[in-house]
Amino acid sequence: MTAFVARWLHLVSSILLVGGAAALLLAGPSDRPTARRWEAWVIAGCRALVAVAFASALVAVAAQAALLEDRAAAAVEPAALARLLLQTQAGAVWLVRGGLLFLLGAFVAVRADLRDRTDWRAARGEVALLGLAALGLIAAASHAAAVEPDTATAIAADVGHLVASGLWVGALPALARLFGLAGREAGADARPHAVLVARRFSAAALGLFVVVLVSGIWNTWFQVGSVAGLLGTRHGRLLLVKLALVVAMIVLAALNRRLLPSLAGDAATVGRPAMRRLSRLVAAEAVLALVVLGIVAAMSVTPPARHSDPVWPLSFRLSLDTLVAAPDLRSQVLIGSQVAVLGLVALIASVFLRRMRWPIAAGAGVVLVAGAAIALPPLVSDAYPTTYQRPAIPYQAASIAEGHALFARHCAVCHGPRGGGDGPAAATLHPRPPDLRAHHVLLHTAGDLFWWITHGKPPMPAFGDQLSPDQRWSLVNYLRALSAADASKLLGPTVERDRPWLVAPDLAFAVGPTPPRALKDYRGRKLVLLVLYTLPASRGRLVQLAENQGLLATLDVEIVAVPSDADPGAIRTLGEDPPIFFPVVTEGAREILETYRLFSTAPHAEFLIDRQGYLRAITAAADDAGRDPALLVAEVQQLNREKAPPPPPAEHVH
């Protein structure tokens with residue numbers, strides 16, 4: 001709670017400081033007594049805001065040190081504070097920002113003679129620039145700084161969001177004060193000045209809002225990334241609340257714009273009443289902004305949605321995967337979507353019409369809803385709280401092998417030893433167990449499978465009390481591999497151009513006394529040719545690969561050979577003629593074999609895996625000694641010509 005309050009106070013004071021200075025620059029110098037009193041009020045506020053920003057920064061640093069050290073006492077320990085400030089990026093940012101705030105405090109504390117307009121603009125501009133620099137630096141210690149690999153882009157988007165928000169939102173209290181003063185009879189001398197400021201701010205606010213909107217969408221992509229993250233995480237739900245409040249602010253801003261023509265009307269009957277009403281609306285907008293900043297502060301101490309496991313709150317979800325199982329419904333979705341697009345275009349067009357605006361908008365809304373009602377039902381599928389959860393256990397060979405053992409112990413009696421739905425007890429069940437090798441398994445998320453295993457799916461019993469969460473995730477990985485293996489029948493020895501779609505299970509192995517390696521270690525760097533060999537039939541092919549290893553290495557191919565008997569002495573068994581320099585697995589072979597034999601049971605099998613971890617070609621033969629190495633080289637060259645495909649999802653969910 002302390003960290004939240006400190007961050008909220010720091011964010012509010014930093015933004016109001018920037019906005020106050022920007023409001024002064026927007027208004028410009030004035031010789032009217034009321035305007036000069038307002039300027040003095042804003043400058044006094046800036047002095048107080050600098051003090052609040054600096055003090056809240058100290059509290060926030062102390063709270064962050066306690067969190068980093070996982071000890072409350074660390075908040076007041078010089079050594080812990082020094083480690084945070086001197087050994088972390090966030091600490092360095094706090095130091096720089098503290099220095100800027102100190103300079104800013106010294107600058108606003110000086111009461112200089114600013115009767116010259118140039119001096120006035122330089123002094124007020126200096127306050128605004130120092131405040132903007134301190135505000136923008138917050139992004140370098142925010143969630144954006146942890147985004148990979150596009151860290152610079154994420155920080156730039158966050159800087160834009162902060163700066164535009166500071167100039168727009170931060171100016172609201174100062175403007176509300178000016179409009180309130182000018183709306184009184186005693187402040188009549190400042191009304192022309194206030195009218196000019198209102199018109200200038202209205203024009204500037206539109207551009208600032210566009211920057212806030214675009215940078216906000218960009219930040220949402222980096223920090224949330226999906227509808228599941230938006231609806232199923234605390235960070236995402238806070239963002240939804242923030243968006244609702246921003247919409248309310250936009251409505252108030254639109255009402256403010258409608259008042260602009262009235263501000264210069266007759267003072268007693270039109271102008272001053274409109275100015276007072278504008279002051280109240282701007283003040284209400286400022287209050288909403290303070291609540292929004294509270295939401296932002298809460299989001300800053302909450303893990304980003306992209307890095308949290310979402311708990312899906314709905315009993316359904318929308319997915320195009322349902323059309324794979326029911327292709328006849330594609331025409332319905334296509335027609336409905338086109339109707340909805342027509343309604344949306346008409347709705348947008350109605351905004352630019354003066355006559356018949358509301359009837360056209362109403363009709364467009366009806367068409368839009370009708371199109372959605374036609375298109376969406378075929379896309380609906382059941383969903384569960386765990387539907388979008390990322391597996392706690394990676395999709396890799398050791399987990400799949402464990403899942404295979406668990407399947408044989410708990411599931412094979414109904415589903416059969418290979419998941420075909422033909423187990424000894426299958427005939428007594430209604431409905432019969434499905435074929436788990438079929439493509440429909442891949443249409444469900446890993447979280448769906450985890451939920452069914454945990455809670456049961458009649459007539460299947462629940463296994464939540466019998467298996468640990470890790471065991472259930474391993475069982476999910478095996479089921480995914482089982483279905484993927486059936487889908488891999490579409491792959492042959494020839495690479496399909498620009499069609500990466502089947503994720504290769506990760507694997508861990510060691511070669512003799514060397515450090516362990518994994519398939520993911522080659523991600524983004526090399527192609528991998530995984531060879532499952534059987535002696536003596538495979539010796540000729542191994543000789544070919546050894547003779548062409550140099551050429552393949554220049555093409556960024558790593559050969560990894562796995563003996564079919566999982567012999568720890570496989571290197572010694574191969575002998576020294578010819579010398580084989582590519583890795584021959586001596587540890588981890590059993591799990592690799594158990595997993596990749598799902599994809600091919602041939603005594604000799606080769607799996608070509610691209611740089612992003614997709615399985616692209618499978619070559620299987622009892623005796624591959626006659627296979628021309630040039631064919632392999634051609635497939636490798638094909639992959640090297642392709643643009644890098646997007647990496648597969650970490651949870652192996654389609």
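Keep in mind it's a predicted model, so treat the numbers as computed, not measured. The figures that follow rest on heavy atoms only: side chains count, while hydrogens, waters and symmetry mates do not.
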> Distance-only, no hydrogens or angles: does the Ser279 side chain make a donor-acceptor pair with backbone N or O of Met275 under 3.5 Å?
Replying inline: no
>> Tell me whether the count of non-hydrogen atoms from other residues, nucleotides or ligands lying under 6.0 Å of CH2 in Trp218 goes above 12.
In response: no
>> Which heavy atom of Val93 sits nearest to which heavy atom of Leu137, and what is that distance?
In response: CG1-O, 3.2 Å
> Just checking, is any N or O donor in the side chain of Trp120 or Glu39 under 3.5 Å from an acceptor N or O on the other one?
Replying inline: yes
> Under the side chain to side chain contact (heavy atoms under 4.5 Å, CB included) test, which residues partner Ala164, sequence neighbours left out?
Replying inline: Leu208, Val211, Val212
>> List the residues meeting side chain to side chain contact (heavy atoms under 4.5 Å, CB included) with Arg36, not counting sequence neighbours, and say none if there are none.
In response: none
> For Gly91, does its backbone N or O pair with a side-chain atom of Thr88 as donor and acceptor, under 3.5 Å?
Replying inline: yes
> Do side-chain atoms of Arg611 reach the backbone of Arg523 as a donor and acceptor pair under 3.5 angstrom?
Replying inline: no
>> As an exercise, state the distance from SG of Cys46 to CG of Leu24, rounded to the nearest 0.5 Å.
In response: 6.5 Å
> Got a sec: does the CZ of Arg258 have more than 12 other heavy atoms crowding it under 6.0 Å?
Replying inline: no
>> The test is side chain to side chain contact (heavy atoms under 4.5 Å, CB included); show your working for Leu132 and Leu167 and say whether it passes.
In response: CA-CA 9 Å; Leu132 283 171; Leu167 294 173; 4.2 Å; yes
>> Once rounded to the nearest 0.5 Å, what's the spacing between atom CG of Leu175 and atom CD of Glu285?
In response: 9.5 Å
> Considering residues at least two apart in sequence or located in another chain, which fulfil the side chain to side chain contact (heavy atoms under 4.5 Å, CB included) criterion with Val5?
Replying inline: Met1, Leu9
>> Cation-pi check for Trp38 against Arg177: NZ or CZ below 6.0 Å from the six-membered ring centre and within 45 degrees of the axis, yes or no?
In response: no
> Considering only heavy atoms from C-beta outward, does the side chain of Thr34 approach that of Arg184 to under 4.5 Å?
Replying inline: no
> Taking all atoms of both residues into account, what is the closest heavy-atom pair of Ile360 and Ser350, and its distance?
Replying inline: CG2-CB, 3.9 Å
> Short question: side chain of Arg317, backbone of Ser381 - any donor-acceptor pair under 3.5 Å?
Replying inline: no
> Taking side chain as C-beta onward, heavy atoms only, is Leu239 less than 4.5 Å from Lys242?
Replying inline: yes
> Taking all atoms of both residues into account, what is the closest heavy-atom pair of Ala305 and Val224, and its distance?
Replying inline: CB-CA, 3.9 Å
> Rounded to the nearest 0.5 Å, how far does OG of Ser337 lie from CG of Leu376?
Replying inline: 9.5 Å
> Taking Arg124 for the side chain and Leu25 for the main chain, is one N or O donor matched with an acceptor at less than 3.5 Å?
Replying inline: no
>> Give me the atom names and distance for the closest heavy-atom approach of Arg121 to Pro29.
In response: NH2-CD, 4.3 Å
> Below 4.5 Å, heavy atoms only, C-beta onward: do Leu379 and Val333 meet side chain to side chain?
Replying inline: yes
>> Using side-chain heavy atoms (C-beta onward) and a distance below 4.5 Å, is Ser202 in contact with Asn256?
In response: no
> Rounded to the nearest 0.5 Å, how far apart are CZ of Arg257 and CG of Leu281?
Replying inline: 14.0 Å
> Is there a donor-acceptor pair under 3.5 Å between the side chain of Arg97 and the backbone N or O of Ala134?
Replying inline: yes
> Side-chain contact, heavy-atom cut-off 4.5 Å: Leu49 with Val12?
Replying inline: no
> CD1 of Ile138 to CD1 of Ile15: how many Å apart, nearest 0.5 Å?
Replying inline: 7.0 Å
> Has the side chain of Asn219 got a donor or acceptor atom that lies under 3.5 Å from a matching backbone atom of His161?
Replying inline: no
> Can you check whether Phe201 reaches Leu196 side chain to side chain, under 4.5 Å on heavy atoms?
Replying inline: no
>> For Tyr384 and Thr445: C-alpha separation, side-chain torsions, deciding distance, then whether side chain to side chain contact (heavy atoms under 4.5 Å, CB included) applies.
In response: CA-CA 10 Å; Tyr384 312 92; Thr445 69; over 6 Å; no
>> If you compare all heavy atoms of Leu368 against all heavy atoms of Leu347, which two are closest, and at what distance to 0.1 Å?
In response: CD2-CD2, 4.5 Å
> Should Met249 and Trp168 count as side-chain neighbours, where that means a heavy-atom distance under 4.5 Å?
Replying inline: yes
>> Test side chain to side chain contact (heavy atoms under 4.5 Å, CB included) on Arg272 and Glu185; report intermediate values, then the result.
In response: CA-CA 8 Å; Arg272 285 203 297 268; Glu185 186 176 354; 4.2 Å; yes
>> So Arg7 and Gln64, do their side chains get closer than 4.5 Å, heavy atoms only?
In response: yes
> Is the backbone N or O of Gly229 less than 3.5 Å from a side-chain atom of Arg306, with the two atoms forming a donor-acceptor pair by type?
Replying inline: no
> How far does CG of Leu231 sit from CG of Leu240, to the nearest 0.5 angstrom?
Replying inline: 6.0 Å
>> Let's go through Val169 and Val292 carefully: what are the C-alpha distance in whole Å and the side-chain angles of both, what is the deciding distance for side chain to side chain contact (heavy atoms under 4.5 Å, CB included) to 0.1 Å, and is it a yes or a no?
In response: CA-CA 10 Å; Val169 172; Val292 168; over 6 Å; no
> So, the side chain of Asp309 versus the backbone of Arg390: is there a donor-acceptor pair under 3.5 Å, distance only?
Replying inline: yes
> How far apart are the closest heavy atoms of Thr233 and Ser308, and which atoms are they?
Replying inline: CG2-CB, 4.0 Å
> Okay, side chain of Arg276, backbone of Gly183: is any donor-acceptor separation there less than 3.5 Å?
Replying inline: yes
